[in-house]
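Beneath this line is the structure, given in structure tokens, with notes to follow.
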Amino acid sequence: MAHQCEVLLRAAAHVPGFRQADEAGLTQYPHVVADRPLGHKAATQLTSDSRGTVRLDTGTCVLRATPDGLSLLATAADTDALAHVQHVIARHLVRFATQEDLSVDWAEPARGEDLTVLDPVAEDYLLAHCTPPDEVLQELAVTTREATGNASAMQVSHDEGALLTMLTRLVNARFAVEVGTFTGYSALCIARGLADGGRLLACDVSDEWTSVGRPAWERAGVADRIDLKLGPAIDTLRALPKEPVIDIAFIDADKANYPTYYEEIIQRMRPGGLAVLDNVFLGGRVFDPAYQEERHVAMRRLNDLIVGDERVESVMLPVRDGVTLARKR
């Protein structure tokens with residue numbers, strides 16, 4: 001099966017002619033990326049942030065200038081295709097080497113799911129330096145683990161919960177939407193950040209799981225701010241008025257429908273409103289073209305769409321499994 005292939009190759013190429021490239025980036029050396037055709041049906045692009053991208057039929061290689069030389073990142077759908085990308089790129093670099101001592105040092109291939117976004121040492125440090133969860137949140141986390149077993153991994157971590165509360169407060173949200181409530185931890189965090197009189201529309205399909213969180217909402221004194229709607233979130237969103245009334249939205253549900261959720265929400269979001277999307281890395285699988293299930297394809301498509309969506313300005317953060325913030329212009 002394709003997803004079992006080792007397909008993601010990280011590599012470094014040390015090119016003496018690029019020793020000072022950290023100052024000017026690849027923009028000082030456009031010929032390396034786009035000056036001559038590669039002869040392999042390649043498409044090349046050089047962006048203003050000094051990233052050069054070469055797209056072949058078999059895969060992609062991104063080049064970035066560093067103080068030590070040139071850093072390469074190649075991806076392909078299987079090991080044979082990856083070897084072809086490696087061969088073409090290395091041969092192309094040799095053609096443009098300004099000195100003879102060119103070396104291309106390729107790392108071992110790695111699958112996307114094997115990547116570690118956050119080192120455990122850094123993770124422990126940031127958790128120790130984040131406002132800790134109160135007793136209600138701590139008890140809800142324990143109850144979730146007891147009630148849902150391995151599925152408890154779907155619950156947001158306490159640092160992400162703190163981020164949701166802070167973002168909700170920063171936009172002075174009076175109307176929030178959550179797609180995917182699970183046992184209510186993130187809903188509680190959002191509800192706590194609402195402005196006076198604010199409301200949270202929480203969308204989910206499971207009465208069993210959402211019932212786990214309702215006592216915690218009561219204990220925290222936010223139950224009267226949360227309107228829980230059980231049923232397909234797409235139907236709930238489409239039933240909302242078309243007017244721009246949403247101040248903040250958190251999307252953390254079935255990944256294949258993320259593009260639809262995003263579109264329905266952005267249409268109804270006020271200028272300055274914020275869409276927060278969780279799990280945009282899908283455990284590293286979005287980086288790896290071997291993963292072609294519906295959810296992988298949908299998430300890649302949405303990630304590409306958001307960065308080019310003129311209705312928003314966005315940033316993707318390496319928080320947990322990847323979080324995208326998209327602010328409505």
Side-chain angles (χ1 to χ4, degrees), residues 151 153-156 160-161 163-164 167-168 171 173 175-187 189-191 193-194 199-207 209-210 213 226-283 285-286 291 293-317 319-329:
M154 292 192 295
Q155 179 184 276
V156 300
E160 189 172 355
L163 176 64
L164 288 172
L167 292 174
T168 304
V171 300
F175 182 50
V177 173
E178 177 181 61
V179 180
T181 299
F182 190 41
T183 60
Y185 191 105
S186 53
C189 293
I190 294 169
L194 291 169
R199 308 290 301 176
L200 166 63
L201 174 62
C203 309
D204 206 279
V205 295
S206 175
D207 180 65
W209 281 351
T210 54
I226 302 175
D227 300 316
L228 176 63
K229 297 294 184 182
L230 295 178
I234 292 175
D235 295 339
T236 302
L237 293 174
R238 287 175 176 167
L240 292 174
K242 286 286 188 178
E243 288 76 19
V245 296
I246 299 175
D247 297 305
I248 189 168
F250 180 51
I251 303 176
D252 186 18
D254 53 310
K255 311 312 175 191
N257 281 316
Y258 262 42
T260 304
Y261 297 145
Y262 172 80
E263 186 58 36
E264 294 297 333
I265 285 169
I266 289 298
Q267 291 179 30
R268 296 167 171 83
M269 181 163 283
R270 68 163 171 85
L274 190 66
V276 184
L277 298 92
D278 200 14
N279 303 119
V280 296
F281 293 165
L282 287 182
R285 292 170 179 81
V286 294
Y291 294 89
E293 294 178 16
E294 183 181 9
R295 60 195 175 108
H296 305 138
V297 175
M299 189 65 77
R300 289 190 196 102
R301 178 162 59 89
L302 179 59
N303 289 342
D304 291 341
L305 182 151
I306 291 175
V307 76
D309 190 348
E310 295 183 354
R311 297 172 298 177
V312 303
E313 52 187 359
S314 65
V315 60
M316 183 180 288
L317 304 173
V319 175
R320 298 300 165 184
D321 191 28
V323 172
T324 290
L325 307 181
R327 179 181 180 274
K328 185 77 174 285
R329 294 183 189 273

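With rounding to the nearest 0.5 angstrom, the CG atom of L201 is 11.0 Å from the CD1 atom of I226. To the nearest 0.5 Å, atoms CZ (F175) and CG (D247) are separated by 8.5 Å. Between atom CZ of residue R327 and atom CZ of residue R311 there is a gap of 15.0 Å, rounded to the nearest 0.5 Å. Here the CE-CG distance, from M316 to L277, works out to 9.0 Å after rounding to the nearest 0.5 Å. Atom NZ of K255 and atom CG of L282 lie 7.0 Å apart (nearest 0.5 Å). To the nearest 0.5 Å, the span separating CZ on R295 from CG on D254 amounts to 11.5 Å.
When the ring pair (Phe, Tyr, Trp, His ring centres under 6.0 Å) test is applied to Y262, no partner is found at least two apart in sequence or on another chain. Applying the salt bridge (charged side-chain N to carboxylate O under 4.0 Å, His left out) rule to D227 yields the partners R199; only residues at least two apart in sequence or on another chain are considered. Not counting sequence neighbours, Y261 has no partner by the ring pair (Phe, Tyr, Trp, His ring centres under 6.0 Å) test.
No donor-acceptor contact under 3.5 angstrom links the side chains of E263 and T260, judged on distance only.
Tested against H296, the residues Y291, Y258, F281 include a single ring-ring contact (aromatic ring centres under 6.0 Å, His included) partner, Y291.
Pairing each heavy atom of F182 with each of A151, the nearest pair is CZ-O, 3.3 Å. Closest approach of V312 and I306 over heavy atoms only: CG2-O, 3.9 Å.
Between the side chain of T181 and the main chain of G184, no donor-acceptor pair closer than 3.5 Å is present.
Salt bridge annotation for E243-R268: absent, with no cationic side-chain nitrogen under 4.0 angstrom from a carboxylate oxygen.
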Inset, instruction - Go through V315 and T324 one step at a time and tell me if the side chain to side chain contact (heavy atoms under 4.5 Å, CB included) criterion holds. - result: CA-CA 6 Å; V315 60; T324 290; over 6 Å; no
